[in-house]
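So the structure is just underneath, and the comments pick up after that.
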Amino acid sequence: MKQGLSLRVSQHLALTPQLQQSIRLLQLSTLEMAQEVEQMLDENPFLERSDETADREAFGLEQTDTPVSTGEQIADAGQVESAAPATPGESSASSDGDGTDMVERGADGDAPLEESWDGDGSVDMAPDDSEWGGDAPPRGASGDDDETASAADLASEHVGLHAYLHEQARCLRLSDEDRAALGFLIESLNDDGYLEDTLHDLALAWLQLEGLTQAALSDPELLEALEQRLVTALHWLQHLEPAGVGARDLGECLRLQILELRNTPQAQAALAICQQPLELVAKRDLKRLAALCGLEADRLREALDLIARLEPKPGRRFADLERNVVVPDVIVTRAGRGFKVQLNPEVMPRLRVHEVYASAVRQGRGGREGEAGHAAMQQRLQEARWFIKNIQQRFDTILRVSSAIVERQRNFFMHGELAMRPLVLREIADELGLHESTISRVTTAKYMATPFGTYELKYFFGSALGTETGGNASSTAVRALLRQFIASEEQSRPLSDNQLSDLLKEQGIECARRTVAKYREAMRIAPANLRKR
């Protein structure tokens, strides 16, 4: 073995704590971002909410880049009739404090970052210690006080399925044992109103909740008695509103709803159909259903129409829809002959460094004994400053990417999804000088409110399909075209995938049958044989 010395030069990328935090904040959704802000407010004493209004320019970040314009650049005078003239100098970034004058600095490290949280040793109040997000309205101070809740708030309070059933159960004249069994079954329902477990398993679970020993759990007489009590409670449960609640499967759910209807020939036929395998109904195998149920073709169709009007998920109307409301991060509105892109002030946190605490750190060190504590406080102060800066960088990048998307997809904002053009992440990344991974983080779980609805930013990106003229068509536009074809088809003669492919070719779009089938399945549209009526 021979020993020697060698010199080697290599490069590596070291992510500073500030850059790591910036990247992490960039990929958070609106809800996750709000949770991150709340956690930081609890952990860092130098960070506070601000209820005052301050100019964005007081933040102190240097505007080194030129904002992306979406006013005159997006305008298309030839396609908007009798539109008002655009305001001179209108763009997507304004300086009137409306939250749109964002600095074009992303999370890819183009902004100068310190090597650590320690800072430069200064404890003076910096210009960028002022608040950011001044247009965001403050949260109501009285919202947490139950005594000051208005009657409208109480009236709009959501009532869930379980609470609705418990309210009905209190009106029944039952023994304490039967009432307890009914309450246990109500709490065992899933969100759709079904009992997923068998009565035997529910009886075992009830005994375990009672804290009985293993010997008592294995007692067959005790278990059988409890199952009989649950059978009685199930009878009461299945007679509560909404009809169909407490069913063990879809067939039982449909039968419970049909029994609530008047005893008509259509209802009797529907009951006979629900006793057969429901796969036959899904496949619309009319010949086999008619043979198994002994029904004529007309009566069979009437019964199927009745079944189609039933609710397969009784608990669906009790779902808390407010939990599923999407809050947009960006709002796009028409401005003259163009479009204005601005951040949603509702999602922008209003934060600033606590001036009193920062001044206390600046004025006193406390001798040698207090130097360690002073250094720790100085580090927390620097963390608060960097957190505010990284939040602004997050929204700056979101606004830049959104403005570039609006500029590229201006036809969509004028005419809808049929006018969507192909777009990939690389195009936006090259235009803004960012990495594709940064664009991917920005467009994930971020939403844009448009004149046609609210969409995720990823919705505006789609692959390209070739056309006869040598151009490209967006896959999003092709899906919209397929939906139009299917919506206008004759129900007695639905269009097959081959016919849909031929219709696309008539429009000049080269789309194979397998691609049509893939798009149709992605849109959850049934094949032609299941759409036939």
Side-chain angles (χ1 to χ4, degrees), residues 14-52 54-63 99 102-136 138-139 329 343-362 374-400 438 441-442 445-446:
L15 295 178
T16 63
Q18 298 88 348
L19 184 56
Q20 293 178 15
Q21 185 187 69
S22 179
I23 294 175
R24 184 170 54 84
L25 293 179
L26 187 63
Q27 62 188 6
L28 296 181
S29 64
T30 300
L31 179 60
E32 294 170 340
M33 183 67 199
Q35 295 174 350
E36 185 76 15
V37 170
E38 294 295 336
Q39 181 179 355
M40 197 67 179
L41 286 170
D42 293 338
E43 296 177 354
N44 197 315
F46 292 96
L47 203 61
E48 67 171 352
R49 293 189 183 275
S50 175
D51 295 335
E52 300 176 358
D55 294 334
R56 288 261 332 224
E57 287 75 13
F59 194 89
L61 282 181
E62 298 178 358
Q63 299 186 5
M102 310 300 291
V103 181
E104 296 191 10
R105 298 157 63 118
D108 57 339
D110 56 349
L113 298 174
E114 300 292 340
E115 289 296 327
S116 66
W117 293 110
D118 298 337
D120 54 2
S122 65
V123 293
D124 297 335
M125 289 296 296
D128 53 9
D129 285 342
S130 60
E131 73 161 276
W132 177 77
D135 276 342
R139 295 184 179 181
D329 300 85
L343 294 170
N344 184 3
E346 298 291 337
V347 302
M348 297 165 60
R350 306 177 61 195
L351 303 176
R352 68 179 179 184
V353 171
H354 201 295
E355 184 177 357
V356 176
Y357 293 167
S359 299
V361 174
R362 177 186 60 203
H374 182 270
M377 290 294 99
Q378 180 183 346
Q379 183 176 357
R380 300 308 298 270
L381 174 60
Q382 189 69 11
E383 289 179 8
R385 290 174 175 173
W386 273 110
F387 185 73
I388 295 176
K389 290 181 179 180
N390 287 333
I391 287 180
Q392 185 185 14
Q393 278 193 342
R394 175 186 186 271
F395 285 99
D396 287 347
T397 309
I398 292 175
L399 182 64
R400 292 182 61 198
T438 302
R441 292 187 182 97
V442 171
K446 315 296 189 306

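- Counting heavy atoms from C-beta on, the side chains of Phe395 and Pro349 come closer than 4.5 Å.
- Counting only distance, with no hydrogens or angles, the side chain of Arg394 and the backbone of Leu28 share a donor-acceptor pair below 3.5 Å.
- Atom-to-atom distance recorded for Lys389:NZ and Asp396:CG is 13.0 Å, nearest 0.5 angstrom.
- To the nearest 0.5 Å, atom CG of residue Leu25 and atom CD of residue Glu32 are 11.0 Å apart.
- Lys446 places a side-chain N or O within 3.5 Å of a backbone atom of Leu26 that can act as its donor or acceptor partner.
- For Glu43, the side chain to side chain donor-acceptor pair (under 3.5 Å) partners are Gln39, not counting sequence neighbours.
- Judged as a side-chain contact (heavy atoms from CB on, under 4.5 Å), and not counting sequence neighbours, the contacts of Leu41 are Val37, Glu38, Leu47, Arg49, Leu351.
- For the pair Met377/Phe46, a side-chain contact is recorded, criterion being any heavy-atom separation below 4.5 Å from C-beta on.
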Go through Leu381 and Tyr357 one step at a time and tell me if the side-chain contact (heavy atoms from CB on, under 4.5 Å) criterion holds. CA-CA 9 Å; Leu381 174 60; Tyr357 293 167; over 6 Å; no
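- Side chain of Asn44 to backbone of Arg380: a donor-acceptor contact under 3.5 angstrom is found.
- In this structure, Asn390 contributes its side chain and Trp386 its backbone to a donor-acceptor pair below 3.5 Å.
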Criterion side-chain contact (heavy atoms from CB on, under 4.5 Å) on Asp329 and Leu343, from CA distance to verdict: CA-CA 6 Å; Asp329 300 85; Leu343 294 170; 5.8 Å; no
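- Inter-residue side-chain proximity for Ile391 and Met33 is flagged as met; some heavy-atom pair is nearer than 4.5 Å.
- The side-chain heavy atoms of Ser359 and Glu355, taken from C-beta on, include a pair separated by under 4.5 Å.
- Counting only heavy atoms from C-beta outward, the side chains of Ile388 and Gln392 never approach each other to under 4.5 Å.
- With rounding to the nearest 0.5 Å, the separation of CD in Glu36 from CZ in Phe387 is 5.5 Å.
- Between His354 and Pro45, the shortest heavy-atom contact is CB-O, 4.0 Å.
- Residues Glu383 and Gln21 fail the side-chain proximity criterion, which asks for heavy atoms closer than 4.5 Å.
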